[in-house]
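Structure record follows, encoded as structure tokens.
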Protein chains: 2
Amino acid sequence: MSEKDNTVNIASEKNRYHHGDLRSALVEEGLKLIDTAPVDALSLREIARRAGVSATAVYRHFPDKAALLGALCLEGHARMAKAFEAAMASASPGVEAFNAMGRAYVTFALAHPSLFRLMMAQPDGPVPVPPPSAGGGGSDGMQILVNAIDGLFGPDAPVHVREAGRLRAWSLVHGLAMLMLDGQVPAEPALIDAVVDASVL
Amino acid sequence: MSEKDNTVNIASEKNRYHHGDLRSALVEEGLKLIDTAPVDALSLREIARRAGVSATAVYRHFPDKAALLGALCLEGHARMAKAFEAAMASASPGVEAFNAMGRAYVTFALAHPSLFRLMMAQPDGPVPVPPPSAGGGGSDGMQILVNAIDGLFGPDAPVHVREAGRLRAWSLVHGLAMLMLDGQVPAEPALIDAVVDASVL
DNA sequence: TCGGACATGTTACTGGTGTAAACATTATTC
DNA sequence: GAATAATGTTTACACCAGTAACATGTCCGA
């Protein structure tokens, strides 16, 4: 107990050999960096530098760079889930909730371009919308999104119809987000609306 | 004339100081490499190595790496245009042609993952579907694609409706392609059909 | 035909990266 | 309190993009 507290206090001092909670610090710095730079400009050494630690210290907490990026992804998914819940909260159920979700998806991507790219490039990581035939619950609180989508088709719709609809909805917002991130389509709210607010899926 | 021919002949010999047509050779090797490796594993030096030339020789033909990648993109767009034309040729006009186009888009992405990514990450390069409010002709023979899409809405549809439809169509296929490339959705033909063949846009 | 100008190649070097190995220091545990 | 494990550091290597200086070949005009 007191030893734990002592450790934390020591950890808050400067110029010590042991950092205290380097792993968290690395993730923190990584998240700060990734929000202000393209993905490929995110270097292990830079993160270590910002955490005030030698480059190779990272390897005491992550087997390689990909593992650190994986940790960033995890935090990214948590943030995305929050954004989704917020969007859900301020929309009445049904089509409106569905549209709010789509807007939240694109908005999140535009707000955190590199993080979003990283999250999507991680095939093993948790996924915002479980793909068809993926069975049960998605990541975090994302099941609510699936419910919103499925709600559009009614509970009596065949499974393959709901699954196809889910995939189409995901493809639609994901494609728009990507095109805007890559600068192929201007990131104008009106265009987001034009894609998301369509009455028919 | 004969001097030209002579140059070409000399260029076909080995172990000469001057390559003959290094620029084309670099693009060629780059295209070969990019079809068998992820984008970020594509190094200037490796391309030069395969072309049998020193690393810095590249800089006599391209100001930097991005320029070489840009040249690869150009060839990529040409190939994509060919794929589109082929898809168009073997489909009757109307909805069927439109669907064939969508399938061709996703299929091309899956066949050339890194090249496709590169093409889409090039905001200044030619674009398969001109974005709304982009005015006139797109790249290469892509206008035919726009026509196919616009045909779905009839010639009397308001401009903003056709533009929105175009954007939705592009987002849909692009999103599906990206999700499959990133491994978020299994690259199964049935899923492509499920997304592309939907009767309503 | 000779000789310079130019194009196109080379080597040497800088500063950046990810990562492995050996060593140093601190924390923990018997 | 000493052995051990955890956590950092230094050093080193291989690779990368890009610059500068130099080498070699081609071409054009006297």
Side-chain angles (χ1 to χ4, degrees), chain A residues 1-30 33-34 37-72 114 118 121, chain B residues 1-27 29-30 33-34 37-72 114 118:
Chain A
M1 323 283 180
S2 64
E3 284 176 76
K4 277 278 181 188
D5 290 347
N6 198 13
T7 301
V8 171
N9 288 342
I10 288 177
S12 69
E13 296 169 7
K14 303 292 173 183
N15 285 354
R16 69 212 169 282
Y17 193 96
H18 278 48
H19 182 283
D21 191 5
L22 181 53
R23 202 199 133 96
S24 307
L26 290 173
V27 172
E28 187 105 3
E29 294 298 331
L33 258 177
I34 206 176
V39 213
D40 54 311
L42 191 71
S43 90
L44 223 54
R45 292 172 113 93
E46 177 65 19
I47 296 179
R49 219 172 285 137
R50 303 235 178 168
V53 106
S54 83
T56 54
V58 178
Y59 290 89
R60 296 296 161 189
H61 300 273
F62 301 96
D64 56 7
K65 187 184 183 180
L68 207 181
L69 297 186
L72 298 189
S114 305
L118 199 62
Chain B
M1 320 286 181
S2 64
E3 284 176 76
K4 277 278 180 188
D5 290 348
N6 198 13
T7 302
V8 170
N9 288 342
I10 288 177
S12 69
E13 295 170 8
K14 303 291 171 182
N15 284 355
R16 67 211 171 281
Y17 192 93
H18 279 48
H19 182 283
D21 191 5
L22 182 52
R23 202 199 131 96
S24 307
L26 290 174
V27 172
E29 293 298 330
L33 258 177
I34 206 175
V39 214
D40 53 312
L42 191 71
S43 90
L44 224 54
R45 295 174 110 87
E46 177 66 18
I47 295 178
R49 218 173 286 136
R50 303 236 178 167
V53 106
S54 83
T56 53
V58 179
Y59 291 91
R60 296 295 161 191
H61 299 272
F62 301 96
D64 55 7
K65 187 183 183 180
L68 207 181
L69 297 186
L72 298 189
S114 304
L118 198 62

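Every chain is numbered from 1, with letters handed out A, B, ... down the list of sequences.
Separating the NZ atom of B:K65 from the P atom of D:dT19 is a distance of 14 Å, rounded to the nearest angstrom. Here D:dG18 presents its P atom at 10 Å from CG of B:L68, a figure rounded to the nearest Å. Taking atom OH of B:Y59 as the reference point, atom C1' of D:dC22 lies 18 Å away to the nearest angstrom. Rounded to whole Å, the distance from CG on A:L33 to P on C:dT17 is 11 Å. Rounded to a whole Å, the CG atom of B:L26 is 8 Å from the P atom of C:dG9. Straight-line distance from the CG atom of B:L44 to the P atom of C:dT10: 13 Å, rounded to whole Å. The nearest whole Å value for the distance from the CD atom in B:E46 to the C1' atom in D:dA14 is 14 Å. Atoms CG (B:D40) and C1' (C:dG18) sit 13 Å apart, rounded to a whole Å.
For residues 50-61 of chain A, every residue pair satisfying the side chain to side chain donor-acceptor pair (under 3.5 Å) rule, not counting sequence neighbours, is listed here: A:E46-A:R50.
In terms of position on DNA chain D, the residue among B:A55 and A:V58 whose nearest nucleotide sits closer to the 5' end is A:V58. Map B:R60 and B:R45 each onto its nearest nucleotide of DNA chain C; the residue landing nearer the 5' end is B:R60.
Of the listed nucleotides (D:dT7, C:dG9, C:dT17), D:dT7 has the atom at the smallest distance from the side chain of A:H61. When distances run from any side-chain atom of B:L22 to the nucleotides C:dG9, D:dG8, D:dA17, the shortest one goes to C:dG9. Nearest to the side-chain atoms of B:V53 among the listed nucleotides C:dT10, C:dG18, D:dG18 stands C:dT10.
Backbone-only contact: B:R49 has heavy atoms under 4.0 Å from sugar-phosphate atoms and none from a base.
With hydrogens and angles ignored, a donor-acceptor pair closer than 3.5 Å exists between the side chain of B:T56 and the base of C:dT11. For A:S54 and D:dT10, a side-chain-to-base donor-acceptor distance below 3.5 Å is absent, hydrogens and geometry of angles not being considered. Side-chain to base pairing of A:R23 with D:dT7: no donor and acceptor N or O lie closer than 3.5 Å to each other.
Within a 6.0 Å sphere centred on CD of B:E29, other residues, nucleotides and ligands contribute more than 12 heavy atoms.
Interatomic distance, A:I34 CD1 to A:L118 CG, rounded to the nearest 0.5 Å: 4.5 Å. Atom CG in A:L44 sits 9.5 Å away from atom CZ in A:F62 (nearest 0.5 Å).
Just one residue in the list A:L42, A:L72, A:D40, A:V39 forms a side chain to side chain contact (heavy atoms under 4.5 Å, CB included) with A:S114, and that residue is A:V39.
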